[in-house]
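In what follows, a single structure is set out as structure tokens and then discussed.
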Amino acid sequence: MFKYIILLIFASFSALLLPSPAATTDGQEVEALLKWQASLDDQNQSLFSSRVGNSPCNWSGISCNEFRSVIHINLTGSGLKGTLHAFSFSFFPNLLGLNLSNNSLYGTIPSFLGNLSKLIYLDLSCNQLFGRIPSEIGLMRTLRIVYLFENNINESIPYEIGILSSLNELALFKNNLTGSVPASIGSLGNLSTLLLNNNELSGTIPQEIGMLKSLSRLDLSINNLTGSIPTSIGNLANLTVLFLFSNSFYGSIPSAIGNLTILTKLRLMGNQLSGPIPREFGNLKFLTHLGLFMNKLNGSIPVEMNNLTYLKYLVFSSNMLSGSLPQHICIGGSLELFTAHDNYLTGPIPISLRNCSSLYRLRLERNQLTGNISEQFGVYPNLNYIDLSYNNFYGELSSKWGQCQNLQSLKISNNRISGVILPQLGGMIQLHLLDLSSNHIAGEIPRELERLTLLFNLTLANNELLGRVPPEIGNLSNLRILNLAANNLTGSIPGQLEACSKLQHLNLSKNRFRESIPYEIGNIYSLQNLDLSQNLLMGEIPPQLGNLENLETLNLSHNELSGSISSTFADLSSLTNIDMSYNQLEGPLPNSKPFLEAPIDGFINNKDLCGNATGLNACPSTISNGPNGKESRKVVVLILVPSFGALLLIFSVVGFLYVLLNCRRVRNNQNSPREARNDNMFTIWSYDGKMVYENIIDATEEFDPKYCIGVGGYGSVYKAELPTGQVIAVKKFHPLEDEGIANLDSFENEIRALTEIRHCNIVRLYGFCSHLRHSFLLYEFLEGGSLQKKLTNKEEATEFGWIKRINIVKGVAEGLSYMHHDCSPPIVHRDISCKNILLDLEHNAHISDFGTAKVLKPDSSNWSLFTGTFGYAAPELAYSMEVNEKCDVYSFGVVTLEVIMGKHPGDLISLLSSSSSSSATTSTAHGILLKDVLDQRLEPPRNQVARIVVSVAKFAFACLETNPQSRPTMQQISRELSIQRSPLSEMFGEITLGQLLV
């Protein structure tokens, strides 16, 4: 803007020296402006409301020279909506500057714009213009600045652009430009800024680009450009910024880039570049940002890189680089982010990293690096994340690590580290994750680790640890994962583990623990996986373990346990994997499904276990005592009769309640069942269920595939039209004999959840049928289909405007808020995704597919196997299977972003999650404008709609917080979205993702 002001001052002074225009010019300009105003869609009467007299020189946004001829028109952000076709540009012979940016202008750019032969500054950016850039732009020989960015211009860049020899800045980014970069652009010898990024340009970069000797910024990123990077780029001696990332460039990086000695930012990532990194990069002494990741680069990193003393951001990751790292990569003391993971690098850690106090994030995992780890690292006051796993480091852990008080994640697994775990490591008070597994660490576990109160993952498995587990480990109240397997730990298992109330995965296997299993473990109600196998444990299995109602995996094999298995274990319905083999157990197995269906391998080599499980002998109490087994039959009768009686009682109660509910519905809505029969089959479902069942079988021709409208993991959905004309959706589950418990659980979950829910944004359940041949659920049929289908269909998505999308988000928020806060106990869906949001004809959202839903149990940890859809599931499920409402909140955030972006946010989620913990990535987020990530198939939102979109986006980002406790509740979101406000809405066009992360 400063450059624009200087240009206009100079141009205005020049205009004063021009001869006086004809007397009629003033009148022509007034007429032209008023005529254009009248052509606008809303005939914006406020456009020239501040005009005084008939001369435009006194009007707002208009400037004149001393001869009262218009030389500047600046109507940026004036709410203009309409086209430029009624604008008589020929009536403004002395116009020097035209700024109509940040409005709602649409249509094409008229060719008679070329009549502005004296124009210096042209800004039509941030509108909705489409079509082509007229070739007549070549007539405007005095143009110095052209801003047409952020429109919908969708044809190729005209060759005539090369005629504008005075041009200084050309910004055409964020359009839909196609075709190639014209070779004529090389004629723009005065060009300093060329921004063509975020388009659909194809072909190669012309060699003529090297003729732009004045160019300081070149951005061709995020296009479809291909071929090799031209060596002529090396001629751009004034270049400071070169962005070519996210294209399809191949071949080697030209060494001529090393000629760009004042370059500060170079980003070539996300291409298919191969070959070595040029040694000439060592000439780029002012470089602060270098991004080369996700290419096919090979060879070694040149030692000349040591010359880059200003580097802050250096990323070599995901290539095929070999050799050693440059030893003086942080000699300038500015390096903040350094990643080189997933390569074939060897040798030691760079010497300069020892004193690199600026370092924030370091990732070198999955290489072949070596060296003594105790000598290669210093104290890093800003370090937040370090991963050195899967290398060949040796030596001992340094006490200096304890001084890294901002470190949250320390991973050094799968190396050759020896020595002991030093007590000083207890000084890393911000640590969340400590993984030292698969090394040669010996000695005892220091009790000083109790200071790491934020730790949720402590993995020390597969080392040579000795001695007892310190009882102070019970002070790690946030611990979710404790893995001490495959060591030489002895003594007893500390009962103080009971205090780790959030613990979900406890693995103490392959040690030498003696004595009995402490009964206190039975009080860790959150526990999901318990492995105490291959120890020397003795005594009976504590009956308190039967309290672990969330337990899924239990392995007590290869010990010296004796006695019987307590009947309390019969209540562990969540168990999916049991192994008690190779002990001295005896007596009957608990009479419950997990034990009855467990493989015999889980019980072999015991003293005398018996029961109904496959492969075990029947217990004596069930063997026939008389002729023809009369005693046995008596026992069976005594067991079965009460069981069937109980089941009959349950079904009778459920049936009575269901009839009662339907009777009420009939009395409220119709005068008699007979009248209801002609309207809605399901108001009389309980009166004649057989009739409805037969009608469904007939309507789908016994579930012929031609009626199938969707297939899921547990079943298929069919469309059925009943004799009454009512259309319903039938979710038919896969046969239970094929899928077993999973399908049955899903079937029961969905019925349990939906019979307790009544909300307009949740799909309505009409009824269900559990039959040997066909088990199915009956829903209202929603004609709009799934949200996922709506977003992926280009034609439908184009008609799926911002207001409709915002209403979808609000509807989902209200439905989830009801489930989480108005149902008692709360219900968590666990699989919120676009495929499970159904729409009616008015685009109202209905949450569906409750097969994985979970009713939260009060005063209990709510365990779960992983369920949900990858890409939507909360990140904590990777290390924690505890289910709570915040899992749905995260999924809601992903869905919301997908609605406003038009596609799954994918890598953007990784950027946002890392932005919360990395200054480098936060800087990246601050460089991305919100409107750049919105669905480009729609026109950008404006005015009030823009304000609401900002609110929606801000809440979506808040939902994606890595820490579940930092996410808002669905009740908060639902209430705030109804207010529809945003403090950032006034500057929507300039809002960055970084601002929304604040």
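Keep in mind that the numbers below use all heavy atoms, side chains included, and drop hydrogens, waters and symmetry copies.
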Keeping Asn271 on the side-chain end and Leu273 on the backbone end, is there a donor-acceptor pair under 3.5 Å? no
What I'd like to find out is whether the side chain of Gln128 reaches to under 4.5 Å of the side chain of Asn103, using heavy atoms alone. no
Answer yes when Glu336 and Lys312 have at least one side-chain N-carboxylate O distance shorter than 4.0 Å, and no when they do not. no
Can you name the residues that form a ring pair (Phe, Tyr, Trp, His ring centres under 6.0 Å) with Phe800, not counting sequence neighbours? His843
Which residue pairs pass the ring pair (Phe, Tyr, Trp, His ring centres under 6.0 Å) test with at least one member in residues 167-196, sequence neighbours excluded? Phe149-Phe173
Less than 4.5 Å apart, side chain to side chain, heavy atoms only: is that true for Leu201 and Thr178? no
Do side-chain atoms of Ser184 reach the backbone of Tyr159 as a donor and acceptor pair under 3.5 angstrom? yes
Student check: side-chain heavy atoms of Val146 and Leu167 closer than 4.5 Å: yes
Side chains of Thr261 and Asn259: does their closest heavy-atom pair fall under 4.5 Å? no
Just wondering, do Leu129 and Asn152 contact through their side chains at under 4.5 Å, heavy atoms? no
In terms of relative ring orientation, are Tyr121 and Tyr147 parallel, tilted or perpendicular, with 30° and 60° separating the classes? perpendicular
Under 3.5 Å, is there a donor-acceptor pair between the Glu898 and Tyr872 side chains? yes
Under a 4.5 Å cut-off applied to non-hydrogen side-chain atoms, are Leu215 and Leu218 in contact? yes
Using only atom types and a distance under 3.5 Å, with no angle test, would you say the side chain of Arg267 pairs donor to acceptor with the backbone of Leu244? no
Lys903 with Asp935: basic N within carboxylate O range, under 4.0 Å: no
For the student: nearest non-hydrogen atoms of Asn247 and Leu225, plus distance: OD1-N, 3.0 Å
With sequence neighbours excluded, what pairs up with Ser252 under the side-chain hydrogen bond (donor to acceptor under 3.5 Å, both in side chains) test? none
Quick one: does Asn199's side chain have a donor or acceptor within less than 3.5 Å of a partner on Asn197's backbone? yes
Between Ser221 and Phe245, is any pair of side-chain heavy atoms under 4.5 Å apart? yes
With no hydrogens and no angle check, do the side chains of Thr76 and Ser101 hold a donor and an acceptor under 3.5 Å apart? yes
Against Arg805, only a single residue in Ile900, Val945, Val949, Leu791 fulfils side chain to side chain contact (heavy atoms under 4.5 Å, CB included); can you say which? Leu791
Before giving the answer on side-chain hydrogen bond (donor to acceptor under 3.5 Å, both in side chains), spell out for His85 and Thr108 the whole-Å C-alpha distance, their side-chain angles and the decisive distance to 0.1 Å. CA-CA 8 Å; His85 291 282; Thr108 60; 3.1 Å; yes
